[in-house]
Amino acid sequence: MDYGRVNGGHMNGRLGRERSRIAVAGASGLIGGALARSLTADGHEVVRLVRHAPGGPDEVRWDPENGRVDAAGLEGCDAVVNLAGAGVGDHRWTEAYKTRIRSSRVHGTTALAEAVAAMERPPRVFVNGSAMGYYGKTGDRPVDESAPPGEGFLPGLCVEWEAAAAPAREAGVRTVFTRTGLVVARGGGAWGRLFPLFRAGLGGRLGDGSQYWSFVALHDEVAAIRHLMDREDLSGPFNLTAPQPVTNREVTLAMGRVLHRPAPFPVPAPVLRAVLGEMAGDVLGSARVLPARLLESGFRFAFPEIDGAIRAAP
């Protein structure tokens, strides 16, 4: 998929018209990597924040968990995008791993926000990752950006994660938070675990299947981030979720249709909890999250429906 050139509603402002220098933290991850490829395809200069010694002028060293960044390497950047953080779905949530999840996001965001605030010529925009986990479990009640945070580990993390960007915002840098849903992609994230199961004929609904999954195609995720980078009148939180959330039962049926594999057997909740531990509560929980502000800004989803998002998954 050519993320740089498929119209998703971005590329209307200065960042879209002129060659820009854009720093991306988390460029080795699923979303950050796709964003970096999209920007590079359109001729922009991408500076990657890395934990090792820089291998050239396109890399800047940082240590997110210890809150350090080579701020000099960010000079001249028109935008800074922070998508770094230990994977929420990569491990069981032991107390040690929950500490790693938090420190990789909160400390890294603080370091970048402080570096941005101290720059002689700060970037025009600071885009900081967040998650739809901000809202917690909402059942079948739809929520948009006006809703308060929920309760539990993920909502608390998201509140702290977004608050860590305060230095940039207080310095007058336009700051955007991307509250991302479940990204539909074969190459990573929670959905990356589903594709092999369904291809093997082992997929099935989770629990009773009534919980809402607020998804977003990887293509639309990248296009939305670029739209938010480009529009100088947009700031604050934006839900990056497709406008038509679906239940887990509907996801199961769609995966079976698209991959031509039956999915007859449910995964009982006790089994899922035994495998995933505390994280199972967030998998089994229901979050019906709507992208109200993104739609109001004029963004157009290329894959608003689940079947199309699955078919387009890279």
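- Shortest non-hydrogen contact noted between P304 and D220 is N-OD2, 4.5 Å.
- The distance from the CG atom of L49 to the CD atom of E59 is 9.5 Å, given to the nearest 0.5 Å.
- M229 is listed as a side-chain neighbour of I22, based on a closest heavy-atom distance under 4.5 Å.
- The distance from atom OG1 of T138 to atom CZ of R288, rounded to the nearest 0.5 Å, is 8.5 Å.
- A salt bridge does not link R105 to E160: none of the charged side-chain nitrogens sits closer than 4.0 Å to a carboxylate oxygen.
- Side chain of S286 to main chain of Q211: no donor-acceptor pair is present (N/O by atom type, distance under 3.5 Å, no hydrogens or angles).
- The OG1 atom of T247 sits 11.0 Å away from atom CG of D140, with the distance rounded to the nearest 0.5 Å.
- When side chains are defined from C-beta on, F215 counts as touching W191, because their heavy atoms get closer than 4.5 Å.
- D42 contributes no side-chain N or O that, together with a main-chain N or O of H44, makes up a donor-acceptor pair within less than 3.5 Å.
- A donor atom on one side chain and an acceptor atom on the other are not found under 3.5 Å apart for R231 and S297.
- Counting heavy atoms from C-beta outward, R51 and P64 have side chains that approach closer than 4.5 Å.
- Of all the heavy atoms in R186 and I310, the pair that sits closest is NH2-O, 3.9 Å.
- I225 is connected to L30 through a chain of hydrophobic side-chain contacts under 4.5 Å among Ile, Leu, Val, Met, Phe, Trp and Tyr, so both are in one cluster.
- Of all heavy-atom pairs spanning T109 and A165, the tightest one is CG2-N, 3.7 Å.
- The minimum heavy-atom distance linking E305 with Q244 is given by the pair CG-OE1, 3.5 Å.
- The existence of a salt bridge linking R293 and E296 is excluded, since no basic side-chain nitrogen approaches an acidic carboxylate oxygen closer than 4.0 Å.
- T178 contributes no side-chain N or O that, together with a main-chain N or O of V176, makes up a donor-acceptor pair within less than 3.5 Å.
- For the residue pair L290 and P142, the shortest heavy atom distance occurs at CD1-CB, 3.7 Å.
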Inset, instruction - Show the numbers, then the answer: is there a salt bridge (Lys or Arg N to Asp or Glu O under 4.0 Å) between R179 and E145? - result: CA-CA 9 Å; R179 294 177 181 168; E145 293 87 351; over 6 Å; no
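- Side-chain contact between L228 and F299 is absent, with no heavy-atom pair separated by less than 4.5 Å.
- With rounding to the nearest 0.5 Å, the separation of CG in L259 from CZ in R311 is 10.0 Å.
- N239 and T241 form no side-chain donor-acceptor contact under 3.5 Å, judged by distance and modelled atom types alone.
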Inset, instruction - May I have the step-by-step check of side chain to side chain contact (heavy atoms under 4.5 Å, CB included) for V222 and R37, ending in yes or no? - result: CA-CA 10 Å; V222 170; R37 290 190 295 273; over 6 Å; no
Legend entry - Verdict with reasoning, E151 to K137, per side chain to side chain contact (heavy atoms under 4.5 Å, CB included): CA-CA 8 Å; E151 298 180 357; K137 301 173 189 176; over 6 Å; no
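- R19 places a side-chain N or O within 3.5 Å of a backbone atom of G43 that can act as its donor or acceptor partner.
- Connection of Y97 to F153 is established within a shared hydrophobic cluster, with ILVMFWY side chains joined at heavy-atom distances below 4.5 Å, either directly or through further cluster members.
- Between G76 and R21, the shortest heavy-atom distance links the atoms O-CB, 3.7 Å.
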